[in-house]
Amino acid sequence: MKNKQTTERYTLADLEKWREIAGDIEPPIRLGVFGDPVAHSLSPQMQNAALRTCEIEMQYARFHIRPNELRSALLILRRLDFVGINLTVPHKIAAFTQIDQADESATRTAAVNVIRVRDEKLIGSNTDGEGFLRAIRSEFSVDVRDLRVMILGAGGGAGRAIAWQCALENCERLVLVNRTLEKANALAEQLRPFFMGPRVLGPAARLEAVAWEESAMRAQIGDIDLIVNATPAGMNPGDPSPMPARLLAPHHMVFDCVYGPSKTALLRSAEEAGARGANGLSMLLHQGALSFQIWFNCEAPIEAMRAALL
Ligand code: NAP
């Protein structure tokens, strides 16, 4: 007898005996997201809506894979009849060194959020940067190229992809903030060629890497339009804001890559400061639609995906 999918979340142990665990599930699970944590991920409801709309007989599931399990999980994935997976926190950078091929988007960021499985090989891409770009356009009706952007958490998988996208768009100004400053410095060196031309009037440098300190953020914030949180701060309801509320002003736009049912502390601070804010749902939608396109080589049913998220 065929089953519907019943398990909310699978693990490495399940992947190790996948045919036994999932052989009966109908439609079969052939896509998923690997993360730790992963319970928060809304990708399954969004991608399953897309699969149903396109009448593709398969399902997308959550996999709780810890950092020390990623290598084994990816080895098993090569042998299963999966179409592909998404990677979420904290796997995007580690996965880059464990795949067989990377396209241009993954190579330049050295981070992967989408894998396609083909002939037992894992091919990595990164749709976070383009997803971010589309999200900013739809949330704030502006183009990144016209903005002075500050990224909090520029050393992580999402932060790097967003920084690269801002550089490719030739944004007015880019400030990279990271807890581990060396990572922000190294990224700034890679991106420097994009910022050689003089676009901003005034003395502020177009590209800077700064420490994760209030004084350093304060020194930059007057020359910033868009603040992006690309750290996991906000994923848990009690998390403090990654940026002190007193630094925010009404002219700021605040984009929190974190998404969830309630407002993060950062978005509450933005509201109190009279600034515009948006959570990461629209980025999730657009990076997910681009993932779907990579897996199936066809346009994603974006309205069905959006409806499933809302
Ligand atoms: P990641 O690769 O693990 O990167 C985490 C980043 O946050 C690093 O820069 C890290 O700094 C920094 N960080 C972690 N804890 C911190 C703390 N307590 N204080 C200050 N900085 C801290 O994670 P990721 O995959 O980039 O994801 C980051 C966040 O973006 C997650 O919440 C994820 O859900 C979200 N995201 C959302 C979307 C979307 O579609 N909406 C897409 C991608 C990511 P160090 O370098 O010093 O470790």
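When a ligand or atom number is given, it counts from 1 through the structure's own listing order. None of these values were measured; they are calculated from a predicted model.
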With the criterion set at N/O pairs under 3.5 Å, what does the list of contacts between the protein and ligand 1 look like, atom names and distances included?
| from | atom 1 | to | atom 2 | distance (Å) |
| --- | --- | --- | --- | --- |
| ligand 1 | 2 (O) | Gly157 | N | 2.9 |
| ligand 1 | 9 (O) | Gly153 | O | 3.3 |
| ligand 1 | 9 (O) | Gly156 | N | 3.0 |
| ligand 1 | 9 (O) | Asn178 | OD1 | 2.7 |
| ligand 1 | 15 (N) | Arg179 | NH1 | 3.4 |
| ligand 1 | 26 (O) | Gly157 | N | 3.1 |
| ligand 1 | 26 (O) | Ala158 | N | 2.7 |
| ligand 1 | 40 (O) | Leu284 | N | 3.1 |
| ligand 1 | 41 (N) | Cys257 | O | 2.9 |
| ligand 1 | 41 (N) | Gly280 | O | 2.9 |
| ligand 1 | 46 (O) | Asn178 | ND2 | 2.8 |
| ligand 1 | 46 (O) | Lys183 | NZ | 2.7 |
| ligand 1 | 47 (O) | Arg179 | NE | 3.2 |
| ligand 1 | 47 (O) | Thr180 | N | 3.0 |
| ligand 1 | 47 (O) | Thr180 | OG1 | 2.5 |
| ligand 1 | 48 (O) | Arg179 | NH2 | 2.9 |

N/O donor-acceptor pair under 3.5 Å between Gln59 side chain and Pro27 backbone: yes
Pair Arg78 + Asp100: basic N to acidic O under 4.0 Å: yes
Residues Glu271, Lys263; criterion salt bridge (Lys or Arg N to Asp or Glu O under 4.0 Å); working and verdict: CA-CA 10 Å; Glu271 200 170 84; Lys263 279 202 180 105; 2.8 Å; yes
Heavy atoms of other groups near Asn68 CG, more than 12 under 6.0 Å: yes
For Ala94, all residues meeting side-chain contact (heavy atoms from CB on, under 4.5 Å), sequence neighbours excluded: Leu70, Gln98
Pair Arg246-Glu214, salt bridge (Lys or Arg N to Asp or Glu O under 4.0 Å): steps then yes or no: CA-CA 10 Å; Arg246 52 191 166 270; Glu214 181 171 344; 2.7 Å; yes
